[in-house]
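Heads up: the structure comes next, in structure tokens.
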Amino acid sequence: MLDNNPKLETNILNSVVGFHDAFLKKEDLEKNGSDFREGKGLVKETIRSLHPKRIHLRVESIRIDTPSTKTLVMIPVDGNRLPPFQAGQYINLFVTLAGVLTARPYSISSSPKNLQSYELTIKRAEGGFVSPYLLDDVKIGQKFESTGPMGSFHHNPLFHGFDIVFLAGGSGIAPAMSMLKAFLAAENPFRFHIIYSNSYENDVIFLDELRNLSLLHKNFILTEFISREVSPEFKGFKGRLDIVTLQTLLSDVSSKMFYVCGPTPFNEHCANLLADLGVKSGRILIEGNGPPPKPDQLDGWPSEIHPSSDVNVTVGTHKSFKAKVGEPLLNSLERNGYFTENACRSGECSLCRVKLKSGEVFSPKEAKIRKSDRKFGWIHSCVAFPITDVEIQL
């Protein structure tokens with residue numbers, strides 16, 4: 001019996017969490033009336049708590065994962081619960097280095113069930129600007145500002161199902177680990193196969209934990225690839241992932257959902273392999289991982305333009321500054337004291353859009369520029385490479 005209310009007892013919506021309380025509240029309002037003054041601002045506050053523009057975080061602990069990788073455990077400065085996120089999403093972490101305000105997106109590697117902290121697993125980027133600072137200089141107790149969780153690279157049970165294959169390269173294992181923890185904590189039956197590629201055997205993030213979980217859970221399968229030299233004890237595959245090996249690892253690909261996350265060349269290689277296997281594009285979700293490091297090697301790059309060449313960038317009526325052709329426009333803007341909102345730094349989210357008033361930029365295919373943007377001259381500065389002198393409007 002539910003409060004001796006026959007209407008409530010027989011309503012099928014009783015199985016919906018919160019329906020019981022909502023029904024009784026509705027009846028109370030019908031009986032006693034309300035001008036809803038007590039709820040003023042509640043919706044706005046709820047949205048702000050779930051999707052804040054900024055979060056203030058503090059480093060609670062630092063874990064050394066591999067010679068090139070650490071995990072920063074970040075907790076909220078105010079002591080409240082962190083905003084919820086979906087396994088696979090990221091936050092954009094803001095830092096100021098050498099007087100330059102910049103940001104980098106990092107996938108949350110912890111479980112979405114734990115909102116006491118976010119774990120950010122960070123691998124050293126060769127020639128990187130931010131990752132060496134986060135790995136070498138950051139101390140416990142240090143405070144940071146970030147965006148709220150965001151990104152479309154996450155598991156959607158309604159559309160993706162529960163037969164998942166995740167192709168991870170290097171630090172691309174971070175969102176996979178979050179998904180794995182979420183699956184293991186849920187009641188839904190699942191099959192999760194991680195195919196994990198790395199260059200060196202001693203630099204594999206989460207290796208012991210992944211191996212142990214694969215032994216404990218028969219519905220979690222781990223397949224390891226190492227592209228360089230391996231020890232005699234290594235029992236995985238040596239070399240790059242190829243179509244023949246992939247065919248032996250997978251059966252009935254039409255029923256599976258594929259996630260891909262790693263360096264840009266790895267992502268492109270996996271996308272080609274899956275296409276050759278006959279996987280439909282709608283069954284493949286690829287996470288962008290920053291701007292292409294060598295844009296001059298991409299299709300469409302003008303052969304006469306060298307990435308080390310200089311061009312002039314003018315921002316509105318401000319004085320021009322020099323920028324390298326092979327550097328993303330967003331990076332050049334930040335180095336010269338200009339800030340524009342950004343998040344993914346991979347061409348997907350469009351927060352870093354600026355208007356191209358004159359000149360020409362090279363935008364790779366991962367710059368998901370809408371038709372309307374092209375019509376009115378908007379570009380995604382995080383993956384736009386100025387190949388001539390340009391004038392832009394922030």
Side-chain angles (χ1 to χ4, degrees), residues 53-54 90-106 122 125-134 144-148 150-151 264 288-296 298 300-302 305-370 372-394:
K53 187 174 182 179
R54 293 289 186 269
Y90 64 88
I91 60 172
N92 203 30
L93 194 67
F94 292 91
V95 297
T96 300
L97 297 175
V100 176
L101 173 62
T102 186
R104 292 295 183 272
Y106 291 107
I122 301 166
E126 184 179 349
F129 181 51
V130 174
S131 65
Y133 165 74
L134 295 177
F144 288 89
E145 188 177 59
S146 80
T147 65
M150 59 180 65
T264 301
N289 201 359
K294 298 179 179 179
D296 56 312
L298 301 178
W301 180 272
I305 302 293
H306 196 277
S308 63
S309 301
D310 288 331
V311 295
N312 293 311
V313 177
T314 303
V315 182
T317 59
H318 297 177
K319 186 178 179 180
S320 298
F321 61 83
K322 295 285 186 182
K324 294 293 182 185
V325 168
E327 180 179 54
L329 183 58
L330 177 59
N331 293 31
S332 300
L333 288 167
E334 290 174 338
R335 287 194 301 102
N336 287 276
Y338 296 97
F339 176 81
T340 182
E341 193 69 40
N342 65 89
C344 74
R345 301 183 83 98
S346 302
E348 181 179 29
C349 74
S350 81
L351 282 177
C352 69
R353 289 191 315 162
V354 299
K355 193 174 185 65
L356 183 66
K357 303 289 288 184
S358 66
E360 186 177 355
V361 301
F362 172 76
S363 295
K365 61 182 180 181
E366 58 257 49
K368 297 178 173 60
I369 301 175
R370 296 182 289 265
S372 59
D373 288 339
R374 295 186 187 279
K375 180 178 178 180
F376 296 105
W378 292 94
I379 58 175
H380 295 179
S381 62
C382 68
V383 288
F385 298 87
I387 54 178
T388 68
D389 293 345
V390 297
E391 179 186 351
I392 63 169
Q393 175 186 317
L394 297 182

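- Pairs passing the salt bridge (charged side-chain N to carboxylate O under 4.0 Å, His left out) check and including a residue from residues 330-342, sequence neighbours excluded, read Arg54-Glu341, Glu327-Arg335, Glu334-Arg345.
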>> Using side-chain contact (heavy atoms from CB on, under 4.5 Å), reason through Val315 and Asn336 one step at a time and then give a plain yes or no.
In response: CA-CA 11 Å; Val315 182; Asn336 287 276; over 6 Å; no
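- In this structure, Thr96 OG1 and Phe144 CZ are separated by 10.0 Å, a value rounded to the nearest 0.5 Å.
- Looking at every heavy atom in both residues, Val383 comes nearest to Gly347 through CG2-CA, 3.6 Å.
- Nearest heavy atom pair, residue Gly151 against residue Tyr90, reads CA-CE2, 3.7 Å.
- Atoms CD1 and OG, on Ile379 and Ser363 in that order, are 6.0 Å from each other to the nearest 0.5 Å.
- A side-chain donor from one of Arg104 and Thr102 sits under 3.5 Å from a side-chain acceptor of the other.
- A donor-acceptor pair is defined here as one N or O able to donate and one able to accept, closer than 3.5 Å; such a pair exists between the side chain of Lys324 and the backbone of Ser308.
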> Does the pair Asp310 and Val325 meet the rule for a side-chain contact (heavy atoms from CB on, under 4.5 Å), with working shown?
Replying inline: CA-CA 6 Å; Asp310 288 331; Val325 168; over 6 Å; no
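- His380 places no side-chain N or O within 3.5 Å of a backbone atom of Arg353 that could act as its donor or acceptor partner.
- Across every non-hydrogen atom of Pro295 and Gly326, the tightest pair is CG-O, 4.1 Å.
- Taking all atoms of both residues into account, the shortest heavy-atom contact from Ile91 to Ser146 is CD1-OG, 3.8 Å.
- Ser372 places no side-chain N or O within donor-acceptor distance of the main-chain N or O of Arg370, the cut-off being under 3.5 Å.
- Under a 3.5 Å cut-off, the side chain of Ser320 and the backbone N or O of Asn312 do not form any donor-acceptor pair.
- Inter-residue side-chain proximity for Leu333 and Leu394 is flagged as met; some heavy-atom pair is nearer than 4.5 Å.
- No donor-acceptor pair closer than 3.5 Å links the side chain of Ser131 to the backbone N or O of Gly128.
- For His318, the ring pair (Phe, Tyr, Trp, His ring centres under 6.0 Å) partners are Tyr338, not counting sequence neighbours.
- Aromatic ring pairs are classed by plane angle as parallel below 30°, tilted from 30° to 60° and perpendicular above 60°; the pair Phe339 and Phe94 is tilted.
- With respect to Ile387, the side-chain contact (heavy atoms from CB on, under 4.5 Å) criterion is satisfied by exactly one of Val311, Val361, Ile305: Ile305.
- With Thr147 contributing its side chain and Asn92 its backbone, the two residues share a donor-acceptor pair below 3.5 Å.
- Panel note: side chain Ser381, backbone Cys352; a donor-acceptor pair is recorded below 3.5 Å.
- Closest heavy-atom contact between Pro292 and Pro364: CG-CG, 4.0 Å.
- Taking a 6.0 Å sphere around NZ of Lys355, one finds it holds more than 12 heavy atoms contributed by other residues, nucleotides or ligands.
- A distance-only check finds no donor-acceptor pair linking the side chain of Asp373 to the backbone of Trp378 [under 3.5 Å].
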